[in-house]
Amino acid sequence: MLFLRNANILTMDEAAPQADTIVFADGIIKHVGAWQTLSRQVAEQDQVIDLEGKTLMPGFIEGHAHFVRIGRTAKMIDLSNCKSWSEVLGAVEDRVSKSAAGAWVCGYGWHQAKWTDVSHEQVNGYPVHEQLSTISPDNPVYLIHASIHSLMANQKAMDIAELSPQQMADDLVLKRAEGLFTGIFEEESQSYILSAANSLDPAKRKIEIQEAIELATELCIRNGISSFHDMACTEEELLVFKELDEQNALRVRMNLVLWAQDHRDLLRMCDQYTGADYQSDFLRVQSVKAFADGALGSRGAWLKQEYNDEPGHFGQQIISEAQLTKLAEKCLKNSLQLVAHAIGDAANSMVLDVYEKVLAGDKSLRWRIEHAQNVVATDIPRFSRNGIVASVQTVHCTSDAPYLHQKLGVERAEAIAYRWADLLAHDTAIANGTDAPVESLSVMENLHAAVTRKPKHGPAFVPEQCMTMPQALRSYTWGNAYAAFEEESKGVLIKGAFADFVILSGDPLEVEDIRSIEVEALVIAGKLYASERFEILW
């Protein structure tokens with residue numbers, strides 16, 4: 001066995017929150033407690049390492065992000081720091097100049113609501129494609145919005161997509177008043193462009209997914225993430241994950257939440273890809289995802305009252321109540337966890353209505369609402385009353401704060417947006433994540449957002465709704481484990497749990513700004529991933 005002693009251990013176990021020694025073997029924790037007691041159990045063949053007071057806590061669990069997309073975007077143009085459409089165009093023009101004629105040029109992370117210069121031509125607040133098409137006449141281009149709920153394509157990409165009359169009439173393909181394309185494709189209509197861009201043969205697509213998984217894995221390890229809830233995993237991606245798991249090639253533990261664009265495919269996947277064959281220490285499939293609405297930044301979130309900055313517009317209801325009910329009944333029959341994306345207050349109310357009706361008091365399935373971003377006061381108690389997990393992304397609050405008042409109006413924004421303290425006061429189970437690559441995968445940035453609600457510029461957004469640091473840490477460890485039915489094996493350092501933990505440069509409960517803390521090492525299943533800052537060998 002391996003004994004790590006003289007550590008500041010934050011166990012996340014409410015019965016015994018702190019310890020100074022952890023003992024593990026074969027990837028499983030054998031003891032957590034005091035060295036004064038555990039030292040008596042050291043045998044001649046055991047190894048003892050002094051951590052010299054370093055802080056040790058459960059490995060972080062990413063509660064909501066997109067694994068393969070993280071890997072893919074690592075190879076794209078990062079547009080997240082662009083402050084204007086002209087900066088976006090400059091970044092694309094630079095990449096085009098280095099690309100072969102005909103090669104796809106891809107970017108991600110732009111967000112028009114965060115630009116300081118809005119002098120470009122706009123339709124519904126979005127730029128239009130002409131300048132993009134001019135700088136890249138021979139290279140198809142698509143640029144994924146920061147929300148992942150829309151993209152911009154140039155003329156070459158639209159030509160390759162060969163849009164049909166039916167697709168041209170799609171309301172999610174944004175057009176000018178005269179019917180000409182703006183280049184913006186929202187929600188499901190993005191597939192017209194993405195399908196054209198991703199028309200590789202199956203063997204090449206498999207390699208591309210494997211490469212994306214490896215890139216995302218490395219990023220998780222650097223951030224101290226030992227487990228990951230992968231939101232909206234496609235059938236194609238699932239099969240690659242399954243093969244890697246069978247080869248013992250997964251290094252981060254994966255909880256895959258299945259999704260398909262076609263509702264019928266998703267119902268089929270509920271039957272086909274669940275059960276014992278899809279349960280292992282590193283791969284679990286037990287959840288399916290539905291989208292109730294879009295994102296607030298693109299005015300796709302479904303609201304009870306019209307948008308403050310677009311009178312008469314209430315957002316987009318993506319799934320009907322009847323369709324969601326049918327999916328919920330399928331999940332209930334198969335004992336599956338239903339996971340529903342809901343950002344607007346109307347979307348949250350509708351999802352809660354369906355959950356309440358179908359579950360009929362059964363809290364055991366721990367169905368989730370992803371984002372739970374804008375929730376009216378009367379809906380807050382319905383989460384805990386029905387055993388619903390509120391899966392929030394705290395960094396969205398600090399990222400969205402600059403335009404929340406614009407979209408919702410001051411009074412409504414401060415009444416319904418990001419009500420974490422209210423949810424916790426009603427004993428709601430809280431899971432936490434980053435929604436990467438929509439936001440950075442940085443755990444420390446996300447925790448900082450949870451406890452400050454302060455954007456880079458300007459005051460904190462409704463600071464009385466902040467989490468405390470113990471609440472934030474729990475949401476990122478035990479809370480995410482609970483949301484996946486794994487609170488006995490993950491997110492907590494107790495006997496019998498997986499030996500998954502991080503060693504940090506400081507104590508999150510003591511530092512003034514958690515962003516000053518670095519992940520010095522990550523241990524998954526007893527295997528050490530050491531950084532250059534902290535070398536331990538075992």
Side-chain angles (χ1 to χ4, degrees), residues 63-64 229 231-232 255 257-259 263 266-267 269-270 274 286-294 296 300-305 314-393 412 415-433 465 475 479-480 482-485 487:
H64 176 121
H229 296 189
M231 290 292 145
N255 288 82
V257 180
L258 302 181
W259 171 80
H263 189 68
L266 188 57
L267 292 172
M269 291 165 69
C270 289
T274 54
Q286 60 190 352
S287 312
V288 297
K289 185 176 184 182
F291 283 85
D293 66 346
L296 189 68
W302 179 26
L303 303 177
K304 292 175 179 286
Q305 301 175 37
F314 294 82
Q316 296 162 343
Q317 180 181 2
I318 293 177
I319 191 171
S320 70
E321 186 169 343
Q323 284 181 312
L324 184 60
T325 299
K326 185 175 181 180
L327 180 60
E329 289 170 345
K330 168 70 79 171
C331 289
L332 185 67
K333 179 181 177 182
N334 290 14
S335 298
L336 296 174
Q337 182 184 50
L338 180 53
V339 170
H341 163 117
I343 289 182
D345 54 353
N348 276 279
S349 290
M350 187 270 282
V351 172
L352 286 166
D353 287 345
V354 171
Y355 283 8
E356 201 164 50
K357 176 177 63 178
V358 174
L359 288 172
D362 182 359
K363 299 182 180 182
S364 66
L365 295 180
R366 300 182 189 176
W367 287 2
R368 298 166 52 155
I369 294 184
E370 301 304 307
H371 307 300
Q373 184 172 313
N374 298 284
V375 183
V376 295
T378 52
D379 279 343
I380 295 288
R382 299 174 70 193
F383 282 81
S384 59
R385 191 164 69 228
N386 294 285
I388 308 305
V389 176
S391 176
V392 304
Q393 296 72 50
R412 179 169 43 154
I416 70 172
Y418 300 104
R419 309 301 292 182
W420 311 326
D422 288 348
L423 287 164
L424 287 165
H426 283 84
D427 296 322
T428 303
I430 297 284
N432 199 350
Q465 289 293 329
S475 74
N480 284 331
Y482 176 86
F485 307 91
E487 68 271 23

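Position 1 is the first residue of the sequence; numbering continues from there.
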If the condition is side chain to side chain contact (heavy atoms under 4.5 Å, CB included), which residues does Leu423 pass it with, not counting sequence neighbours? Ile380, Phe383, Ala390, Thr428, Ile430
Within residues 317-340 or reaching into it, pairs that qualify as salt bridge (charged side-chain N to carboxylate O under 4.0 Å, His left out) - sequence neighbours excluded: Asp271-Lys330
Work out which heavy atom in Gly63 is nearest to a heavy atom in Ser391; give both atom names and the distance. O-OG, 4.1 Å
When you measure from the side chain of Asn374 to the backbone of Ile343, do you find a donor-acceptor pair of N or O atoms at a distance under 3.5 Å? yes
Between atom CD1 of Ile416 and atom CG of Asp345, what is the distance when rounded to the nearest 0.5 Å? 4.0 Å
Does the side chain of Gln465 pick up a donor-acceptor pair with the side chain of Asp422 at under 3.5 Å? yes
Looking at Gln316 and Asp293, would you say the former's side chain and the latter's main chain have a donor-acceptor pair under 3.5 Å? no
Would you sort out whether Trp367 and Val339 count as a side-chain contact (heavy atoms from CB on, under 4.5 Å), showing the intermediate values? CA-CA 6 Å; Trp367 287 2; Val339 170; over 6 Å; no
What residues form a side chain to side chain donor-acceptor pair (under 3.5 Å) with Ser349, not counting sequence neighbours? Lys304, Asp379
For a 4.5 angstrom cut-off between non-hydrogen side-chain atoms, does Tyr355 reach Leu338? yes
Any donor-acceptor N/O pair, Arg366 side chain to Val389 backbone, under 3.5 Å: no
Under the side chain to side chain donor-acceptor pair (under 3.5 Å) rule, collect the residues that match up with His229, sequence neighbours excluded. Arg368
Rounded to the nearest 0.5 angstrom, the CG-CG distance for Leu365 and Asn386 is 12.0 Å
What are the two closest heavy atoms between Ala431 and Ala483, and how far apart are they? CB-CB, 4.0 Å
Backbone N or O of Val375 within a donor-acceptor pair of the Asn348 side chain at under 3.5 Å? no
Ala232 versus Lys289, closest heavy-atom pair with distance: N-CD, 3.9 Å
What do the steps show when you test Asn255 against Ser287 for side-chain contact (heavy atoms from CB on, under 4.5 Å), and what is the final call? CA-CA 8 Å; Asn255 288 82; Ser287 312; over 6 Å; no
If every non-hydrogen atom of Thr325 is compared with every non-hydrogen atom of Lys357, which pair is closest and at what distance? OG1-NZ, 3.5 Å
The test is side-chain contact (heavy atoms from CB on, under 4.5 Å); show your working for Trp420 and Ser475 and say whether it passes. CA-CA 11 Å; Trp420 311 326; Ser475 74; over 6 Å; no
Ignoring hydrogens and geometry, is there a side-chain-to-backbone donor-acceptor pair from Gln337 to Val288 under 3.5 Å? no
Heavy-atom closest pair, residues Val354 and Ala328: CG1-CB, 4.0 Å
Minimal heavy-atom distance between Ala340 and Val351, with the atoms involved, is CB-CG1, 3.8 Å
Would you call the rings of His341 and His371 parallel, tilted or perpendicular, where under 30° means parallel and over 60° means perpendicular? perpendicular
Does Glu487 reach the main-chain N or O of Gly479 with its side chain, forming a donor-acceptor pair under 3.5 Å? no
Just verifying a value: how many Å separate Arg385 CZ and Leu359 CG, rounded to the nearest 0.5 Å? 13.0 Å
Taking side chain to side chain donor-acceptor pair (under 3.5 Å) as the definition, give me every residue that meets it alongside Asn480, ordered by chain and number, with sequence neighbours left out. none
To the nearest 0.5 angstrom, please state how far the CG atom of Leu324 sits from the OG atom of Ser320. 8.0 Å
Do Trp259 and Met231 have side-chain heavy atoms sitting under 4.5 Å apart? no
CZ (Arg412) and CD (Gln305) are apart, to the nearest 0.5 Å, by 5.0 Å
Using the side chain to side chain donor-acceptor pair (under 3.5 Å) criterion, which residues pair with Ser364? Sequence neighbours excluded. Asp362
Rounded to the nearest 0.5 Å, the CG atom of Leu266 sits from the CD atom of Gln323 at a distance of 10.5 Å
Would you mind checking if Arg382 and Glu356 are paired as a salt bridge, meaning a charged N to carboxylate O distance below 4.0 Å? yes
Go through it in stages, so that I can follow the logic: the residues are Gln373 and Tyr418, the test is side-chain hydrogen bond (donor to acceptor under 3.5 Å, both in side chains), and I'd like the CA-CA distance, side-chain angles, deciding distance and then a yes or no. CA-CA 5 Å; Gln373 184 172 313; Tyr418 300 104; 3.2 Å; yes
